[in-house]
Amino acid sequence: MKLAYFSLTPGGDRLCAAMAQHMPGMVVTREVLLQEGCSFAQMTARMWPLYDGLVFVMASGIVVRTIAPLLVSKTSDPAVVVMDARGQYAVSLLSGHLGGANELAQALAKICHGQAVITTGTDVEHTLAFDVFAKKNQLRIENIAVLKYISAAMIEKAPAGLWCPWPADGIFPSNVQIQGNKNCVSRDGGSETPGDMPWVFIGHDYDVPEALKTMDRVLYLRPKNLYVGVGCKRGTAFEAMEAAFSDFLRASQVNVQDVAGLCTIELKKDEPAIVSLAKKYCLELKIIDHEQIRALEAAGAVQVSEFVRSVTQVGSVCEACALAAAQNAEKDPAQAPDLSMQKARKIRGKTIYPGMTFALAEAPVFFQGLKEET
């Protein structure tokens, strides 16, 4: 976590320096402001987008007035912690969950032998916070505006639903009714009817149950567990490949942010269009060896073309590469034993575009960090 410590008093300067010894970061004092030739507000604005966490050793009123014009969203604002000059209290002021201010406040309070002040409702009620759950399990929150309905239900112990098709380690609070996975249970066993309660859906649009599609209060959490296989003729234009790729994802009901890798064979590892596509969308380019592909062919898991074999030495490119990459991403059974029944899944088979093909596969997911309610 990249931290910046702010102080306007000698006592605050000493505390910032002491904390920075344990949790390194930039220390901004009155002297630094004079050297930089800027005001406290100007320095704060400059560092706001550059740091993960900002620690202010001063009155909270000064901090609130200073950062108010800088606030954008709970998904992007840095963690903000306010402390007194003696280190008695570390107040999590902003971005407690997604930004990590709650954990930062607790860490700083421990260093100073003080007390962390946490005011987020789910923490006060010792219940599950789904934004924290999403962060710990690397899930993208697609529609964070709906989070407030889920959080309110968790705080009030009101019914809330969870559609989770993969295993999870732990027990959810009793007000969470679960469908989609027998390995993931709530205390009361769940419910068969969506009803009017808010829901959390973990997965992708191609798996959304019909009953949830018409509901407004559904929080969508997206795992980054999708792999796109690609094959193409030599010299395929990047513009044509990008257009086909975008169309393929749209038709597959997939967001590119949830794609973990672009996959192809050794023969195509230097194909300019494929390399450029991976680079533009920040996708890891995974090269699948012939042995893995032939194993999938022998198992009848992919479509096989003898024409493709005559050109590439394997009978399947896009399908086999996508599925093999998803299989390679499966968790270690020793770490996630419940995945023994969860296998990589082909979501969309070989799809042909002029001069190129795409396919989509999904790796299984294992969720950790859930705790039994207290």
Side-chain angles (χ1 to χ4, degrees), residues 138 165-167 180-181 202-207 222-233 236 241 244-269 271 273-275 277-278 281 283-333 335-336 338-353 355-366:
Q138 293 81 52
W166 296 288
N181 177 14
I202 302 175
H204 305 287
D205 281 347
Y206 52 76
D207 275 338
R222 312 296 195 182
K224 195 178 185 73
N225 67 330
L226 302 176
Y227 293 86
V228 175
V230 58
C232 69
K233 291 182 178 179
T236 296
M241 177 167 287
F245 176 69
S246 298
D247 181 78
F248 176 77
L249 293 185
R250 183 169 53 252
S252 304
Q253 303 180 71
V254 165
N255 190 307
V256 70
Q257 296 179 72
D258 306 320
V259 177
L262 190 67
C263 322
T264 192
I265 57 175
E266 180 76 20
L267 182 65
K268 296 296 179 180
K269 68 177 183 180
E271 187 68 37
I274 294 177
V275 173
L277 188 67
Y281 291 95
L283 301 174
E284 182 180 358
L285 183 58
K286 294 182 173 292
I287 307 302
I288 307 301
D289 61 51
H290 288 183
E291 184 178 346
Q292 288 182 281
I293 293 175
R294 288 171 183 145
L296 291 171
E297 292 177 8
V302 295
Q303 297 182 52
V304 174
S305 165
E306 292 307 319
F307 171 75
V308 171
R309 191 188 306 281
S310 69
V311 176
T312 66
Q313 300 181 29
V314 290
S316 174
V317 175
C318 63
E319 268 193 32
C321 288
L323 192 54
Q327 289 179 342
N328 294 343
E330 292 178 6
K331 301 285 186 178
D332 180 354
Q335 178 185 4
D338 287 331
L339 281 183
S340 59
M341 299 302 294
Q342 304 285 327
K343 301 298 182 183
R345 182 165 61 125
K346 182 168 64 177
I347 301 301
R348 192 174 181 197
K350 179 179 178 180
T351 304
I352 301 175
Y353 291 86
M356 67 198 91
T357 59
F358 292 95
L360 179 69
E362 172 191 87
V365 178
F366 178 73

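Only this structure's heavy atoms are used, side chains among them; waters, hydrogens and symmetry mates stay out. The structure displayed is predicted, hence computed values, not measured ones.
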query: R348 and F248: side-chain contact (heavy atoms from CB on, under 4.5 Å), yes or no, with the steps?
result: CA-CA 10 Å; R348 192 174 181 197; F248 176 77; 3.3 Å; yes
- prompt: Roughly how far, to the nearest 0.5 Å, is the CG atom of L262 from the CD1 atom of I274?
  reply: 6.5 Å
message: Would you say that L249 contacts N255 through its side chain, given a criterion of any heavy-atom pair below 4.5 Å between the two side chains?
response: no
query: Taking the side chain as C-beta and beyond, is there a heavy-atom pair between L283 and L277 under 4.5 Å?
result: no
query: In Å and rounded to the nearest 0.5 Å, what is the CG to OG1 distance from L267 to T312?
result: 7.0 Å
message: To check you understand the geometry: which heavy-atom pair defines the closest contact between I265 and C321, and what is its length?
response: CG2-SG, 3.6 Å
query: Around Q313, counting heavy atoms of other residues, nucleotides and ligands shown, do more than 12 lie under 6.0 Å from its CD?
result: no
field: Heavy-atom check, side chain of V308 versus side chain of K350, under 4.5 Å
entry: yes
- request: Taking only Lys NZ, Arg NE, NH1 and NH2, and the carboxylate oxygens of Asp or Glu, determine whether K268 and E266 approach each other closer than 4.0 Å.
  value: no
Chi angles and distances behind the ring-ring contact (aromatic ring centres under 6.0 Å, His included) call for Y353, F245: CA-CA 9 Å; Y353 291 86; F245 176 69; over 10 Å; no
field: Minimum heavy-atom distance A326-A363, with the two atoms named
entry: O-CB, 3.5 Å
- prompt: Quick check: does any side chain N or O of S252 sit under 3.5 Å from a backbone N or O of V254, one acting as donor and the other as acceptor?
  reply: no
- line: Tightest non-hydrogen contact, residues A322 and G229, listed as CB-N, 3.5 Å
query: What distance separates I293 CD1 from L323 CG, expressed to the nearest 0.5 Å?
result: 10.5 Å
- request: Taking the side chain as every heavy atom from C-beta outward, state whether Q138 and P223 have any atom pair closer than 4.5 Å.
  value: no
Distance in Å, L360 CG paired with T351 OG1, rounded so as to fall on 0.5 Å steps: 9.0 Å
field: Interatomic distance, E271 atom CD to M356 atom CE [nearest 0.5 angstrom]
entry: 10.5 Å
- line: Nearest heavy-atom approach of C232 to T236 is CB-OG1, 3.6 Å
message: Whether the side chain of T357 engages the backbone of C318 through a donor-acceptor N/O pair (distance < 3.5 Å, no angle test) should be reported.
response: no
Minimum heavy-atom distance Q257-K224, with the two atoms named: O-NZ, 2.8 Å
message: Using every non-hydrogen atom in the two residues, find where G349 and E319 come nearest and quote the distance to one decimal.
response: CA-OE2, 3.4 Å
query: Do NZ/NE/NH1/NH2 and the carboxylate oxygens of E362 and R345 come within less than 4.0 Å?
result: yes
- prompt: Less than 4.0 Å between a side-chain N and a carboxylate O, is that true for R294 and D289?
  reply: no
- prompt: Is there a side-chain contact (heavy atoms from CB on, under 4.5 Å) between N328 and Q292 once you walk through the steps?
  reply: CA-CA 10 Å; N328 294 343; Q292 288 182 281; 2.7 Å; yes
- request: Answer yes or no: is there a donor N or O on one side and an acceptor on the other, between the side chain of R222 and the main chain of G203, under 3.5 Å?
  value: yes
query: Does the side chain of N225 pick up a donor-acceptor pair with the side chain of H204 at under 3.5 Å?
result: yes
query: Are V228 and F358 close enough that some pair of their side-chain heavy atoms sits under 4.5 Å apart?
result: yes
query: So how far is it from K346 NZ to L296 CG, rounded to the nearest 0.5 Å?
result: 9.5 Å
message: For Y227 and E284: C-alpha separation, side-chain torsions, deciding distance, then whether side-chain contact (heavy atoms from CB on, under 4.5 Å) applies.
response: CA-CA 10 Å; Y227 293 86; E284 182 180 358; over 6 Å; no
